Amino acid sequence: MAELRLTNTLTGKKEIFEPRDPEQITLYVCGPTVYNLAHIGNARPVVVFDMLYRVLRALYPRVRYARNITDIDDKIIAAARERNEGIEAVTKEFTDKYREDMAKLHTLPPDLEPRATENIEPMRDLIVQLIERGHAYTAEAHVLFDVTSMPSYGALSGRNLDDMLAGARVEVADYKRNAGDFVLWKPSAQGEPGWDSPWGWGRPGWHLECSAMIRAHLGDAIDIHGGGRDLIFPHHENERAQSCCGYGGDFVRYWMHNAYVDMDGEKMSKSLGNVRAVRELLGMYPGEVLRFALLSTHYRSPLNFSGELLDNAKTALNGFYQALRNSADIDPEDIRAEDTAAFTALLDDLNTPQAIAELHSACKALNKADAKGAATCKGHLLAMGRMMGLLGSDPEQWFTEAASDSGLTQEDIEQRLAARLEARARKDFAAADAVRDELQAAGIELEDGPEGTSWRRA
RNA sequence: GGCUCGGUGGCAGAGUGGUAAUGCAGCGGAUUGCAAAUCCGUCAACGCCGGUUCGAUUCCGACCCGAGCCUCCA
């Protein structure tokens, strides 16, 4: 079988992927906290790990991919209060919108989408376990994890405990034994959402849910855990501590983290307020363009987001669809995606830029091919696109579908084309060009081919 | 301050111990009534200084610059 290599954050190295059980692969990716719209930065891990999911499915008979929905959190509570609604209304709305947006990026839905509020029981069990084993303690209605109880705490993020405790810059709550101790359970005030527990009415800490849900839905340990780079510390470090100490075992074999989407060279984040919602961008570009743009840089490198980035993505996709449109009458050969150069590129730590280069190569080959070779070339291009969640649209639609309601309708355009055709037939090029100029001004570009004139929206 | 990661042509962006993909842009040509699309050709890059080596952009060290984490964050 082909070898998949992945960069493991824990070791800092690119390693050959060796699953716990080749019959069943387990993948867990941190999902959204549903209190507002997903921004383009949120979309990066979704697209990146969708890519991984597709590769894993091509390699192994069964892949279980879980992505959680965090539907209890202080920010959700705050948003609900602001809107004067229950948290369910908030989480329902943004969960639905999240799923819609991600689907438009051509990401496959995960096999499992566990919700925090539906997994309180395993969370409480985990806390009990941690207390029993001496890794957690109660203090003022909180339950806290004692970071000094785990010798390897800090291994994932490359920190050591002494430095961390000494260099703590944050004011430490006085009920904590160590500055680095983190909350497993916190008390809820009157009127705040909460659950009964041995430690009183309260709610889980934000690191706890992933540990408990991974165990509940995927098992004691999993193959791959993914997420954004900023989750390495503290979230994944703490998750690792909870799971390793509470359940024993290795927990995660491969940790994978994607770099950020930057805005003007600066990190895009909710707190900096420089975010671009996926939903907003989808009003300006097809989802496939956003997907392509997110895949155009390797996942471990920062991606600078800009209109230029999206325009380039659009141009590239236009080129592919142009080749497909020009070869519309060619019946593509049936090519397995696993037999393509793009797949080989993806096996090397998801080298999507290389895979895209292979797309260009196949596209060029298709453009140059004679009728005989075109079927094979087209088959390759489509197979690689399929693998990457790209090029699935109808080429004709890709070029002619209107992004908005404004502008000329298809009928308007066809009508003018007919008039122009007639003008050209009687060699009245001035009249023909006038039509073309008019359409050009309306954002419609024409192409005269041997079999008639086709058009596209710019 | 501690810990990460990165600096490749005009831009985007792979990769490699033996001078470097791909795309966009530019330039020249073919094609076209003119365009568009396509094809052919072409220009152009490895932050800086040392070290290891027959040879480094690639390995090691220092330096400069940039980003991130250490606090909610993909």
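Throughout, a chain's letter reflects where its sequence line sits, starting with A, and its residues are numbered from 1. Everything numeric here is computed off the predicted structure, so don't read it as measured data.
Non-hydrogen atoms lying under 4.0 Å from RNA chain B are contributed by Pro45(A), all within residues 43-54 of chain A. Listed by residue number, Lys364(A), Asn367(A), Lys368(A) are the residues of residues 363-380 of chain A with a heavy-atom contact under 4.0 Å to RNA chain B.
The side chain of Arg229(A) lies closest to rU4(B) when the candidates are rC34(B), rU4(B), rA14(B). You'll find that the side chain of Asp230(A) is closest to rA74(B), out of rA74(B), rA21(B), rG33(B). Distance from the side chain of Asn351(A) is smallest to rA14(B) among rC34(B), rC69(B), rA14(B). Nearest nucleotide to the side chain of Lys75(A), out of rC69(B), rC72(B), rC5(B): rC72(B). Listed nucleotides rC69(B), rC34(B), rA67(B) differ in distance to Asp262(A); the shortest reach to its side chain belongs to rA67(B). With rA14(B), rG33(B), rA74(B) as the choices, the nucleotide that has an atom nearest any side-chain atom of Thr297(A) turns out to be rA14(B). The side chain of Glu447(A) approaches rA37(B) more closely than any other nucleotide in the set rA74(B), rA37(B), rC70(B).
Under 3.5 Å, the side chains of Ser188(A) and Arg203(A) contain a donor-acceptor pair of N or O atoms. Glu209(A) and Asn68(A) share a donor-acceptor pair across their side chains, judged by distance under 3.5 Å alone. Neither side chain, Asn367(A) nor Asn326(A), offers a donor N or O lying under 3.5 Å from an acceptor on the other.
Aromatic ring centroids of Phe17(A) and Tyr254(A) lie under 6.0 Å apart. For His236(A) and Trp255(A), the ring centers are positioned less than 6.0 Å apart.
Within 4.0 Å (heavy atoms only), Arg325(A) reaches no atom of the nucleic acid at all.
For residues 354-385 of chain A, every residue pair satisfying the ring-ring contact (aromatic ring centres under 6.0 Å, His included) rule, not counting sequence neighbours, is listed here: Phe320(A)-His360(A).
Geometrically, Arg44(A) does not engage Tyr260(A) in a cation-pi contact, judged by NZ or CZ lying under 6.0 Å from the ring centre and within 45° of the ring axis.
In terms of position on RNA chain B, the residue among Asn258(A) and Gln322(A) whose nearest nucleotide sits closer to the 5' end is Gln322(A).
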When Watson-Crick pairs (N1 to N3 and N6-O4 or O6-N4) and G-U wobble pairs (N1-O2 and O6-N3) count only below 3.5 Å on both distances, what is the dot-bracket string of RNA chain B, with | for other-strand pairs?
-> (((((((..(((.........))).(((((.......)))))....(.(((.......))).))))))))....

Could I get a table of every N or O pair under 3.5 Å where one atom is in the protein and the other is in nucleotides 41-46 of chain B?
none

Protein-to-nucleotide contact annotation, 5' to 3' order, nucleotides 24-29 of chain B [B base; S sugar-phosphate only; - none; under 4.0 Å, heavy atom] = S-----

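Relative ring orientation between Tyr53(A) and Tyr65(A) is described as tilted, the plane-to-plane angle lying within the 30° to 60° band.
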